[in-house]
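First comes the structure, then the notes that go with it.
What you see is a predicted model; the values in this text were computed from it and never measured. The chains referred to below are lettered A, B, ... by the order of the sequence lines, with proteins before strands, and numbering in each begins at 1.
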Amino acid sequence: MLINSLKCRFLSDLENVVLKNKKIDKKIDLNMDKIFKSIRLEEPKNKEFGDLTTNAAMVLSSQVKKKPMELAEEINKQILSKWKFVESVALIAPGFINFNLKDKFVFESLNKIFSEDKCYGENKSGAGKRIQIEYVSSNPTGNLHIGHGRWGVMGDVLSNIYEKNGFDVQREYYVNDYGTQAKIFAECVKSLYLKRFGIKFSYPKDGYPEKTVAVVAEKIYESYGDKFILNKDEPATNDAEMEKISIDMMLSFIRETLLSIGVEFDNWFYESSLYKNDNFEKAMKFLRENNLVYEQEDALWFKATSYGDDKDRVIVRGDGNPTYFASDIMYLMNKKERGFDFLIYILGADHHGYISRLKAIGKSIGMNSDAVNIIIGQLVRLVEGKEVLKMSRRKGKGMTLDDLIRHVGKDAVRYFFSMNSFDTHMDFDLSLAKKKSNQNPVFYVQYAHARIGSIIRKLREIDLENASEKEISEIENSSAGFCENFLLNMKKYEFKNNSERNIAWVLSLFPDIIYDACKNNAPYLVTQYLYRLSGEFHYFYNHNIIISKNKVNMIRLVLAIATKKVLKNGLDILGISAPEKM
RNA sequence: GCGCUUGUAGCUCAGCUGGAUAGAGCUACGGACUUCUAAUCCGUAGGUCGGGGGUUCGAAUCCCUCCAAGCGCACCA
């Protein structure tokens, strides 16, 4: 990591300077944590200010009782001027410290792209930590709609990012196959299934859209024939078996849809498994023994308010049936038993009421307060022109995720859903959906990758005067020999202009991006970065000739290949293909 | 009524753990292919950062208030 490690170094150096000041004036009372938190070392918004900038002098001035500019001088003198890789420093009123890094330093950072190759960008900050990310978890009573696609993609990409940061990640889908909704769904299937045999059985009034159910019923008929018919004269089936098969069938459709955009899970956790054997009784016993529940009006209540929730919650109804909240409790207890260091739930904004109750459960069963992390993603709104379309699964309205994938393809779907932060209320314009396939910035990024592929192909076609095919292959494949000699050959590879240096600079930031994306649960940072890198490359490509006649400009070729590698690594994280040709 | 999220260019969005002249893309207009892919590049235009107050060296960013949008407030799942 470039910026993040420089920042660490800067802060530790800074501590010495500050402490020195403290020795001079003992009255100074410093809150170092607070200071360090608000000190930034980052790229300035405006590139003209240099490679990096820090607000340290301004942050410190009020604490140390010195003028910012004086502090800036001091910081420059005691820290930056001692850093050998700093090229120049500028102190700007009211106290900005801007500095540039030496070309050599920037160039050296490229070495990692080749030596680490497919691992470039990774770090070990999460080593030894097991986390679980749960996402989508859509009820298996209907097709996924567009919104689910967002969580599928975001969850998948976020999982990839955590893995790149060294975490051991489990991806989990929670299947609500227990309770009323599953039963209603099964009833619907049953009705249509029986109809297939000419047996009348009324379709539930508040049932699911027939269009969806019919597909499931038909598939069951195809696969099992009359297996579930108990008696042809009466509308009877083996209900329990039927329910299980119906849910599984629907789930297999969901799985297929997700698979078609590369979203896979390590574990499909069935809600019904929570009620197997005497799990439920054990859980209730645990709650009673720990004084977490009380009885009132025949129902069993969980003392959620004692742990930060707005109200207490019923977990066992008056009729003796458990509520959904009982499942939530048992599910979290189960997750705890599985021994994760922390959990992430990705939930749609329509579930934001869950935050306090899930945290309350976590607290009540003795989990660390930061072990249960809930990411709330704002909903996708489907619009057509100015009209807002309602996406209601219960009514079978709106565009399904399958439709969308068919329209724009896997890559565009993944790019589109990973380009915004969780907090963005996305408007998805249906009439733009098709256009998106041409306008989607995913092609901009992929095109950069393909262009470089084309350069390499070109090199193989011509007789090069100043490089052998073997040499080209060595660079492309990051051979051990090339990597060893990379830094020795530096003189050969001096930056000749800004665009060469800029692209090297952006390339060197990739590991920082992976780290920041993880720290902030912000997959879109990777997407944004790839767009930036592609833009930088397209500019570079248009302004620098890499191959002229029979000669290849080696530094430029190295930069191009390095770009290709980083684009590939980044696109892999997003789960988007990196084409050699377009 | 209470709560969560959001409001930035015509459109879709960055920037929000305070920093310098608020940035991209799309759209519009004007340029660049005898030279590695023009799915590209360059340029122009476009803004009272929802309104109003406050905090300070400094506010799109933090606080208060109002307005608007989405979502949620079950012995539903």
Side-chain angles (χ1 to χ4, degrees), chain A residues 37-38 40 42 44-46 48-49 53-55 58-59 61-62 67-68 92-96 98 139 141 176 178-184 271 296-301 310-311 313-325 327-328 348-356 376-381 388 416 419-429 432 435-436 438-448 450-459 461-462 520 524-525 528 531-532 534-535 537-549 552-553 556-557 560 581-582:
Chain A
K37 234 184 161 181
S38 44
R40 314 186 72 160
E42 62 194 358
K45 276 185 202 162
N46 191 334
E48 285 166 26
F49 290 129
T53 184
T54 177
N55 60 352
M58 290 180 287
V59 171
S61 82
S62 59
K67 285 186 181 162
I92 312 277
F96 293 102
N98 303 329
N139 285 0
T141 52
N176 298 107
Y178 188 85
T180 326
Q181 291 309 315
K183 282 210 163 56
I184 293 175
E271 183 185 4
Q296 190 182 312
E297 294 166 18
D298 293 339
L300 189 67
W301 294 72
D310 313 332
K311 48 187 95 171
R313 311 270 171 189
V314 171
I315 52 177
V316 182
R317 282 185 277 257
D319 62 9
N321 284 317
T323 63
Y324 191 77
F325 194 66
S327 296
D328 282 339
D350 50 342
H351 287 78
H352 77 252
Y354 275 46
I355 300 175
S356 50
I376 294 298
Q378 294 305 315
L379 302 178
V380 180
R381 222 163 49 133
V388 179
F416 182 78
M419 67 194 285
N420 295 120
S421 88
F422 281 104
D423 285 338
T424 305
H425 297 245
M426 285 181 78
D427 269 353
F428 192 97
D429 193 333
L432 272 177
K435 265 202 215 162
K436 282 277 178 205
N438 300 318
Q439 291 176 355
N440 198 303
V442 68
F443 298 105
Y444 185 82
V445 177
Q446 290 181 318
Y447 185 51
R451 266 186 153 173
I452 303 167
S454 161
I455 293 168
I456 296 168
R457 277 196 302 280
K458 177 82 180 179
L459 286 172
E461 283 167 16
I462 55 176
N520 300 309
Y524 72 93
L525 289 178
Q528 245 173 38
Y531 193 85
R532 177 183 173 189
S534 302
F537 179 78
H538 284 309
Y539 178 92
F540 170 81
Y541 181 91
N542 273 281
H543 293 83
N544 297 282
I545 288 169
I546 297 168
I547 307 166
S548 67
K549 294 192 178 161
V552 58
N553 182 315
R556 291 178 185 169
L557 178 65
K581 244 186 213 178
M582 278 174 80

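Contact of A:His425 with B:U5 (side chain to base): a donor-acceptor pair of N or O atoms is detected under 3.5 Å. For A:Thr53 and B:A20, a side-chain-to-base donor-acceptor distance below 3.5 Å is present, hydrogens and geometry of angles not being considered.
Phosphate contact (OP1/OP2 of B:U6, side-chain N/O of A:Arg381, threshold under 4.0 Å): absent. In this structure, A:Tyr444 reaches the B:C41 phosphate: one of its side-chain N or O atoms is under 4.0 Å from OP1 or OP2. Distances shorter than 4.0 Å separate some side-chain N or O of A:Arg451 from OP1 or OP2 on B:A38.
Comparing atom distances between the A:Lys45 side chain and each of B:A60, B:A38, B:C71 picks out B:A60 as nearest. Considering only the side chain of A:His352, B:G3 comes nearest among B:G3, B:G15, B:C36. Checked against B:G19, B:C36, B:C75, the side chain of A:Lys458 finds its nearest nucleotide in B:C36. Taking the side chain of A:Arg40 as heavy atoms from C-beta on, and the options B:C71, B:C16, B:C36, the nearest nucleotide is B:C16. In the set B:U5, B:G19, B:A77, B:U5 carries the atom at the smallest distance from any side-chain atom of A:Gln378.
Using a 4.0 Å heavy-atom criterion, one finds that A:Met58 contacts the bases of the nucleic acid, with or without backbone contacts as well. Residue A:Asp350 is classed as a sugar-phosphate contact, given heavy-atom separations below 4.0 Å to backbone atoms only. As judged by a 4.0 angstrom heavy-atom cut-off over every strand, A:Ala450 is placed among the base-contacting residues. Note on A:Asn98: a base of the nucleic acid sits closer than 4.0 angstrom, heavy atoms only. A:Asn553 comes within 4.0 angstrom of nothing in the nucleic acid, heavy atoms only. Looking at heavy-atom distances under 4.0 Å, A:Asp427 makes contact with sugar-phosphate atoms alone, never a base. Across all strands, A:Tyr539 comes closer than 4.0 Å only to sugar-phosphate atoms, never to a base (heavy-atom distances). A:Tyr524 comes within 4.0 angstrom of the backbone, heavy atoms only, and of no base. Residue-level contact check: A:Ser454 touches the bases, meaning some heavy atom is under 4.0 Å from a base atom.
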Legend entry - Canonical and wobble pairing (Watson-Crick, G-U, under 3.5 Å) of RNA chain B, dot-bracket with |: (((((((..((((.....[...)))).(((((.......))))).....(((((..]....))))))))))))....
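In this structure, A:Asn55 places its CG atom 16 Å from P of B:C57, rounding to the nearest Å. For A:Leu525 and B:G23, the CG to P distance is 19 Å, given to the nearest whole Å. The CG atom of A:Asp298 sits 14 Å away from the P atom of B:C75 (whole-angstrom rounding).
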Legend entry - Worked verdict on A:Val316 versus A:Asn321 for side chain to side chain contact (heavy atoms under 4.5 Å, CB included): CA-CA 6 Å; A:Val316 182; A:Asn321 284 317; over 6 Å; no
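Figure legend: cation-pi geometry between A:Arg451 and A:Phe537 absent, as NZ or CZ is not positioned both under 6.0 Å from the six-membered ring centre and within 45° of its axis.
Between the side chain of A:His538 and the backbone N or O of A:Tyr444, at least one donor-acceptor pair lies under 3.5 Å.
Inspection of the A:Tyr324 and A:Asn176 side chains reveals an N or O donor paired with an N or O acceptor under 3.5 Å.
Both geometric conditions, a ring-centre gap below 5.5 Å and a plane tilt below 30°, are not fulfilled together for A:Tyr531 over the base of B:A24.
Because its glycosidic torsion is within 90° of 0, B:C33 is reported here as syn.
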